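Keep in mind the model is a prediction, meaning the values are calculated, not measured. Values below: every heavy atom of this structure, side chains too, minus hydrogens, waters and symmetry copies.
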Amino acid sequence: MTPDRAAGLAECARSLADGEVTAREVVERALARIEATQPTLNAFRLVRAEAALAEADAADKELAAGVRRPLLGVPVAVKDDMDVAGEPTAFGCRGDFPPQAEDGEAVRRLRAAGAVVIGKTNTCELGQWPFTEGPAFGATRNPWHHDHTPGGSSGGSAAAVAAGLVPAALGSDGAGSVRIPASWTHLIGIKPQRGRISTWPRPESFQGITVNGTLARTVADAALLLDAASGNHDGDLHRPPALRVFEAVGRDPGRLRIALSLKPPFTALPARLDPAVRAKVLALAERLAALGHEVEEAEPRYGQIGLTFIPRATVGLAERVRDVPFPDLLDRRTRDAARLGRLLGGAPLRAARRAEATLHRRIGALFDTYDVILAPTTAAPPPRIGSMVNLNGLGTDRAMIAACPYAWPWNILGWPGVNVPAGFVGDGLPVGAQLLGPAHSEPLLVSLAAQLEADRRWHEEWPPHEAPANSPAV
């Protein structure tokens, strides 16, 4: 573990438990890394320096007394749509927000595992877009190429992990908002089953399409954080059966039937897979075949699934806008989308939610033949900073769909997906691919992702911009 970048989550927890380092030392190093990179990367909305050091000292006392918890003393970050007691939850919006009285359930569970919540990461306004920019906090930049976005809406969490500021972070995924920034920053991003990680104090988030997920450099670390954060509050609407996903890391997935899906789902606006991204996804398919899996092209029967997404997304947004203390400061695109949501909150919303069961049956039929779907996470590499932030509503929709047409159907279905790094295109820009499964398939997806990671060794690569001065850039 060097002061220049974070050790992995599991490695850090082990070093602390073995007494090789103290929690205060680990947190101090993380704070120093954040301070050094904040003027350039701008990954954090809020840094809890004093509180984190106090939590580290408390962890050191527990460690010295022989107490052992999965993440005792390990610093992690959470996206600024999650409540942390004593801190505001601005969710990318302008204005002064009151401090929250209590931790959200996911944060409460991280603390119960012993984690130190070092800060809250940047996100675009109410998590709507695949970039992390806005007048509330400026632009968060990609550690691999500072002229490009890390994606969104969990872009701050992705940037913090990719740059080695923290070993892992929580994000949320409503249309790919964990998987997209994971793909564009060379990370593992797990979007779990709906309800796996609680969204409380909201019984569900954005009409059930948004879930909390994890970002890390390795499959093991993403799975370890997932297990630590998983579990439900009594008020949650979605309560899947408990799973221990970390146990699947290193487990042989067996010989799987994998459907390679390259066709974007139906959208009203055009989307085309960049040939360079296509080539990287095909290369992953070839590696999976070399590992003994049966891979062939096959497409899910998505149909016009997009018609069910719009009511749920816009009604969910309208609910969030209603709770914002300064709605007049919101982006016009936000206010227009919320206005549409208020119009769709009756019969259209009910029809959209009823359609989910039909979609489960129709799309899920593919899993009668195949175990896993391999698909691009995005259609394009990360865009340049500023390329979407000042567009109008239609222009933003066009740009989003052109770049990111692949991730959102799994939010409608509520099923798990895992982004894995697929390599680099153009000027060293990361891209990724999704492993998608049916309900409760996180262990299978994690087992397959870990097998692929052992073959590809993607976690050994670091952003050249963030490489320590005493280490070669890779």
Let me see the working for Arg14 and Asp18 under salt bridge (charged side-chain N to carboxylate O under 4.0 Å, His left out), right down to the final yes or no. CA-CA 6 Å; Arg14 182 202 59 75; Asp18 289 351; 3.0 Å; yes

Salt bridge (charged side-chain N to carboxylate O under 4.0 Å, His left out) between Glu133 and Arg141, intermediate numbers included: CA-CA 9 Å; Glu133 301 172 59; Arg141 296 179 180 272; over 6 Å; no

Run Ser183 and Thr377 through side chain to side chain donor-acceptor pair (under 3.5 Å) and show every step you take. CA-CA 7 Å; Ser183 73; Thr377 303; 4.9 Å; no

Checking Leu165 against Phe44 for the side chain to side chain contact (heavy atoms under 4.5 Å, CB included) test, could you report, in this order, the C-alpha distance in whole Å, the side-chain angles of both residues, the deciding distance, and whether it holds? CA-CA 10 Å; Leu165 311 186; Phe44 282 82; 4.2 Å; yes

Checking Arg24 against Asp57 for the salt bridge (charged side-chain N to carboxylate O under 4.0 Å, His left out) test, could you report, in this order, the C-alpha distance in whole Å, the side-chain angles of both residues, the deciding distance, and whether it holds? CA-CA 6 Å; Arg24 172 167 271 268; Asp57 290 340; 2.8 Å; yes

Show your reasoning for whether side chain to side chain contact (heavy atoms under 4.5 Å, CB included) applies to His238 and Val211. CA-CA 10 Å; His238 309 284; Val211 304; over 6 Å; no

One pair to check against side chain to side chain contact (heavy atoms under 4.5 Å, CB included): Leu374 and Gln434. What are the steps and the verdict? CA-CA 6 Å; Leu374 172 68; Gln434 305 177 85; over 6 Å; no

Glu356 vs Arg194, salt bridge (charged side-chain N to carboxylate O under 4.0 Å, His left out): CA-CA, chis, key distance, verdict: CA-CA 13 Å; Glu356 187 177 311; Arg194 181 184 297 147; 2.9 Å; yes

Take Ile305 and Leu359 through the side chain to side chain contact (heavy atoms under 4.5 Å, CB included) test and state the conclusion after the steps. CA-CA 8 Å; Ile305 187 174; Leu359 293 168; 3.8 Å; yes

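Not one N or O on the side chain of Arg45 forms a donor-acceptor pair closer than 3.5 Å with the backbone of Thr121. In this structure, Arg179 contributes its side chain and Ala407 its backbone to a donor-acceptor pair below 3.5 Å. Judged by distance alone, with hydrogens and angles left aside, the side-chain atoms of Arg29 form no donor-acceptor pair with the main-chain N or O of Arg5 at under 3.5 Å. A donor-acceptor pair under 3.5 Å is absent between the side-chain atoms of Gln38 and the main chain of Glu35, judged by distance alone. Side-chain N or O atoms of Trp144 include one that pairs as donor or acceptor with a backbone N or O of Thr185 at under 3.5 Å. Side-chain N or O atoms of Asn42 include one that pairs as donor or acceptor with a backbone N or O of Ala139 at under 3.5 Å. Although no hydrogens or angles enter the test, the distance criterion places no donor-acceptor pair under 3.5 Å between the side chain of Trp415 and the main chain of His360. Distance alone, capped at 3.5 Å, places no donor-acceptor pair between the Trp200 side chain and the Gly235 backbone. A distance-only check finds no donor-acceptor pair linking the side chain of Ser157 to the backbone of Ala169 [under 3.5 Å]. No donor-acceptor pair closer than 3.5 Å links the side chain of Asp103 to the backbone N or O of Val84.
Under the 4.0 Å criterion applied to side-chain N and carboxylate O atoms, Arg202 and Glu319 are not assigned as salt-bridge partners. Under the 4.0 Å criterion applied to side-chain N and carboxylate O atoms, Glu105 and Arg111 are not assigned as salt-bridge partners.
Side-chain contact check for Thr396 and Arg333: at least one donor-acceptor pair (N or O, by modelled atom type) lies under 3.5 Å. Side-chain atoms of Ser198 and Asp236 form a donor-acceptor pair, as typed in the model, at a separation below 3.5 Å. At a cut-off of 3.5 Å, with distance as the only test, a side-chain donor of Glu125 or Thr334 sits close to an acceptor on the other residue. In this model, no donor atom of one side chain and acceptor atom of the other lie less than 3.5 Å apart for Ser205 and Thr199. With no hydrogens or angles considered, no side-chain donor-acceptor pair links Arg384 and Asn142 at under 3.5 Å. Side-chain atoms of Lys79 and Ser153 include a donor-acceptor pair closer than 3.5 Å. Asn122 and Thr132 share no side-chain donor-acceptor pair at under 3.5 Å.
Of the inter-residue distances, the one linking Leu215 atom CG with Ile190 atom CD1 reads 9.0 Å to the nearest 0.5 angstrom. Atom CG of Asn212 and atom OG of Ser154 lie 8.5 Å apart (nearest 0.5 Å). Here the CZ atom belonging to Phe131 is positioned 8.0 Å from the OG atom belonging to Ser387, to the nearest 0.5 angstrom. Summarising the geometry, atom CG belonging to Leu445 is positioned 10.5 Å from atom CD belonging to Gln193; distances are rounded to the nearest 0.5 Å. Atom CD of residue Gln451 and atom CG of residue Leu448 lie 6.0 Å apart, to the nearest 0.5 angstrom. With rounding to the nearest 0.5 angstrom, the CZ atom of Phe326 is 11.0 Å from the SG atom of Cys93.
Proximity of the aromatic rings of Trp458 and His186 is defined here by a centroid distance below 6.0 angstrom, and this criterion is not met.
The heavy-atom pair separating Thr89 from Met82 by the smallest distance is OG1-O, 3.6 Å. Residues Leu436 and Ala375 approach most closely at CD1-CB, 4.5 Å, considering heavy atoms. Shortest non-hydrogen contact noted between Arg196 and Glu442 is NE-OE2, 2.8 Å. The two residues Ala228 and Leu71 come nearest to each other via the heavy atoms CB-CD1, 3.7 Å. Between Arg217 and Ala162 the shortest heavy-atom distance is NH1-O, 4.0 Å. When all heavy atoms are compared, the tightest approach of Gly127 to Ser177 is O-OG, 4.0 Å.
In Glu20, the CD atom is crowded: over 12 heavy atoms of neighbouring residues, nucleotides or ligands sit closer than 6.0 Å. A 6.0 Å sphere centred on CG of Asp323 holds more than 12 heavy atoms belonging to other residues, nucleotides or ligands. Within a 6.0 Å radius of CD in Glu102, no more than 12 heavy atoms belonging to other residues, nucleotides or ligands are found.
Only one option out of Leu330, Asp328, Leu329, Val324 pairs with Arg94 in a side chain to side chain contact (heavy atoms under 4.5 Å, CB included); it is Leu329. No option in Asp81, Asp83, Asp80 other than Asp80 meets the side chain to side chain donor-acceptor pair (under 3.5 Å) test with Lys120.
Relative orientation of the His148 and His145 rings is perpendicular, given thresholds of 30° and 60° on the angle between their planes. Ring pair Phe206/Phe91 is perpendicular by interplanar angle, where above 60° counts as perpendicular and below 30° as parallel. Taking the six-membered ring where the residue is Trp, Phe309 and Trp408 present tilted rings, their angle falling between 30° and 60°.
Inter-residue side-chain proximity for Asn411 and Thr210 is flagged as unmet; no heavy-atom pair is nearer than 4.5 Å. In this structure, Leu9 and Val76 have side chains that are in contact, with non-hydrogen atoms separated by less than 4.5 Å. Under the 4.5 Å side-chain criterion, counting only non-hydrogen atoms from C-beta, Gln128 is not in contact with Met400.
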